[in-house]
Amino acid sequence: MSTIASPKSLTSAAVRGVQWTTAASVATALMQIGYTAIMARLLDPAAFGLVAMAGVVLRFGTYFAEMGIGHAIVQRSTISQDDVRASFTASLGLGAVVTVLACLLAPLATFFLNNEAVVSLVRFQSLGFVFVGLGMTATSLLRREMRFEVLAKIEVAAYILGYGGVGVTLAWATSKGLLHIGGVWSLIAGTLAQQLLVAIMSYLVVRHSMKLIFKWNAYKQLLGYGSRVSIISFLEFINGNLDTMLIGRLLGPVLLGIYNRAYMLLYLPMYFLTNSLARVAFPAFSKVKDDVARVRSLYLTSSTLVATVVMPLCAGVAVAAPELVEMLLGPRWAASVPILRVLCISIPLSMTTLFAGVVADARANLRQKIILNIEFMLLLASLFGLLRSFGLAGIAAAIGTGEVVRTFLYMRITHNDIGIPYRRLFAIYVPGLINAAAVGTGLLVVSLLIRPLHLPTLVTLLVQMLTGAIVLGAVVLRWPSPELRSPLQQLLSRLQQLSVIPAAGRALLLRYEMFLERRKALLFSFDPLSSSMPS
């Protein structure tokens, strides 16, 4: 099967992929916010806590059900029809096996989570392993071919029909007494519907062979790489869910529901935004994995762009947390405000390290990544033990501290693998920190002025959002990072070609374009890193 070879075609495919995945991610993030707001009003916190508990148990099986097979299909330089058949056979078979095991072993969940209601939820939701297995090969082939436009449309459609059509409808019917299935089941039904729809629609696009294959040679290379990816994913799962397991067991489903909503309110929108880049970066990195200079350039650009956008957004969320929680979740979720603020420190670091992990996956530097995750797991467990007496705030603080350390650990791997100096790795965060300081300060001043007026929450939040957008736009336009200058110049060129732009406007755009060129030359002359790293 063919691959994208030339730098120009790869860049073009990557740019289109980022555009489509970003559009889909933004749309999904907005829908997630709306879905969270609606469901938070229809259901009580305990329902979210129970689903979070069941999700922890099921994610244990996810990594055994997938075995990194999808990653292997994307990462390999060439694939055959036997590889495709082996991928489908293995993913479907593993999904079915893990579903059966989850149903049989579900009662053991009470040992870890101390809640018998989780057992039936685990059994029903384990059907998702089969649904994901059905569609894994098709979605992996679409990612390998960088057909992100198709994937974006599938994801948005499946989200609307699954979560909106099934989940919200069942929750509303339950709240009105039309159904008596319990609110928690509407959350699970929405998830299963979305998974099944993705599988069906992906296959209808790709139409790959569904003929099973049982020759061991067809599996050796896929499982050799995929099993190590699966181990890493499993370790990352444990690291990412120690908080849920500890809170669920020690503090109960109500506090877990509060923590989970605060975490998801910030994490999911941030994840959707950065994951759109990471999903494109993995197949792009895989195609140029032996060209270290190109890997360096792509890594630095991607990481800096994410830090530039995510850090000021989180700074704004930290200031506007009371209004965000009241507006999106309702007044009874006020206890999640301090948790949300603490998480605003850890989430940006977690998002920026995504690309370091992608580089390690694409270059098959998996041994070091396994060691990193073991180190992080031991650190996080120690921090939880030291800070758990402080309740939810202590757990959030442990996560924040752990993310800082994990960022340094990933810097070590990236430095050793592709030779980026540490000072250049630290410089990734400079534009984001500057933007975050400007946005945070601007929102804080405005919030201190308008909160005493006791305006409606929506009005206060809109003023804060407008302030943040103005401040961020001013800082980005006046002091754009090198990674942002090129996209800005492309946008300026397109705007100048529009006939609707008056002559005065085109002249202003031209002056700004000249300003960017002068600033580029000035920064290059005085940048001590420009001589040591490729641009």
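- With a 4.5 Å cut-off on side-chain heavy atoms, Tyr410 and Leu354 do not count as touching.
- Under the rule for a salt bridge (Lys or Arg N to Asp or Glu O under 4.0 Å), the partners of Arg147 that lie at least two apart in sequence or sit in another chain are Glu145.
- Between Tyr429 and Thr304 the shortest side-chain heavy-atom distance does not fall below 4.5 Å.
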Might you work through the side-chain contact (heavy atoms from CB on, under 4.5 Å) test for Leu409 and Ile413, ending with a clear yes or no?
CA-CA 7 Å; Leu409 294 176; Ile413 287 182; over 6 Å; no
For a side-chain contact (heavy atoms from CB on, under 4.5 Å) check, start with the C-alpha distance between Gln464 and Arg451, then their side-chain angles and the critical distance, and finish with the verdict.
CA-CA 11 Å; Gln464 292 169 328; Arg451 280 173 179 162; 3.6 Å; yes
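- Counting heavy atoms from C-beta on, the side chains of Phe355 and Leu305 never come closer than 4.5 Å.
- Residues that satisfy the side-chain contact (heavy atoms from CB on, under 4.5 Å) test with Ile160, not counting sequence neighbours, are Met31, Val156.
- Residues meeting the ring pair (Phe, Tyr, Trp, His ring centres under 6.0 Å) test with Phe124, sequence neighbours left out: Trp185.
- Remark: Leu196 CG to Leu134 CG distance equals 7.5 Å, nearest 0.5 Å.
- Here the closest heavy-atom approach between residue Gly128 and residue Gln195 is recorded as CA-OE1, 3.1 Å.
- Under the 3.5 Å distance criterion, the side-chain polar atoms of Thr169 are left unmatched by any main-chain donor or acceptor of Val166.
- Legend: residues meeting salt bridge (Lys or Arg N to Asp or Glu O under 4.0 Å) with Arg123, ordered by chain and number and at least two apart, are absent.
- Annotation: the span from Leu383 atom CG to Phe376 atom CZ amounts to 8.5 Å, rounded to 0.5 Å.
- In this structure, the side chains of Ser447 and Glu323 stay at 4.5 Å or more apart for every pair of heavy atoms.
- Residues Glu375 and Val405 form no side-chain contact, since every pair of their non-hydrogen atoms from C-beta on lies 4.5 Å or further apart.
- Under the 3.5 Å distance criterion, the side-chain polar atoms of Thr414 are left unmatched by any main-chain donor or acceptor of Met411.
- Considering only residues two or more places apart in sequence or on other chains, Tyr203 meets the side-chain hydrogen bond (donor to acceptor under 3.5 Å, both in side chains) condition with none of them.
- Contact record, Ala318 with Arg341: O-NE, 2.8 Å, taken as the closest heavy-atom pair.
- If you run side-chain contact (heavy atoms from CB on, under 4.5 Å) between Lys369 and each of Leu235, Val359, Ile232, only Ile232 comes through.
- Between the side chain of Thr99 and the main chain of Ser126, a donor-acceptor pair closer than 3.5 Å is present.
- How far CG of Leu192 is from CG of Leu187: 11.5 Å, rounded to the nearest 0.5 Å.
- Taking the ring pair (Phe, Tyr, Trp, His ring centres under 6.0 Å) definition, one finds that Phe131 meets it with nothing, sequence neighbours left out.
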Let's go through Val310 and Thr352 carefully: what are the C-alpha distance in whole Å and the side-chain angles of both, what is the deciding distance for side-chain contact (heavy atoms from CB on, under 4.5 Å) to 0.1 Å, and is it a yes or a no?
CA-CA 9 Å; Val310 171; Thr352 52; 6.0 Å; no
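- For the pair Leu151 and Arg143, the minimum side-chain heavy-atom distance is below 4.5 Å.
- The OG1 atom of Thr467 sits 11.5 Å away from atom CG of Leu444, with the distance rounded to the nearest 0.5 Å.
- Atom CG of Leu127 is separated from atom OG1 of Thr191 by 12.5 Å, given to the nearest 0.5 angstrom.
- Within the 4.5 Å cutoff, the side chain of Met465 has heavy atoms near those of the Leu461 side chain.
- The shortest side-chain heavy-atom distance between Met327 and Pro456 does not fall under the 4.5 Å cut-off.
- From Leu349, atom CG reaches atom CE of Met311 across 6.5 Å, with rounding to the nearest 0.5 Å.
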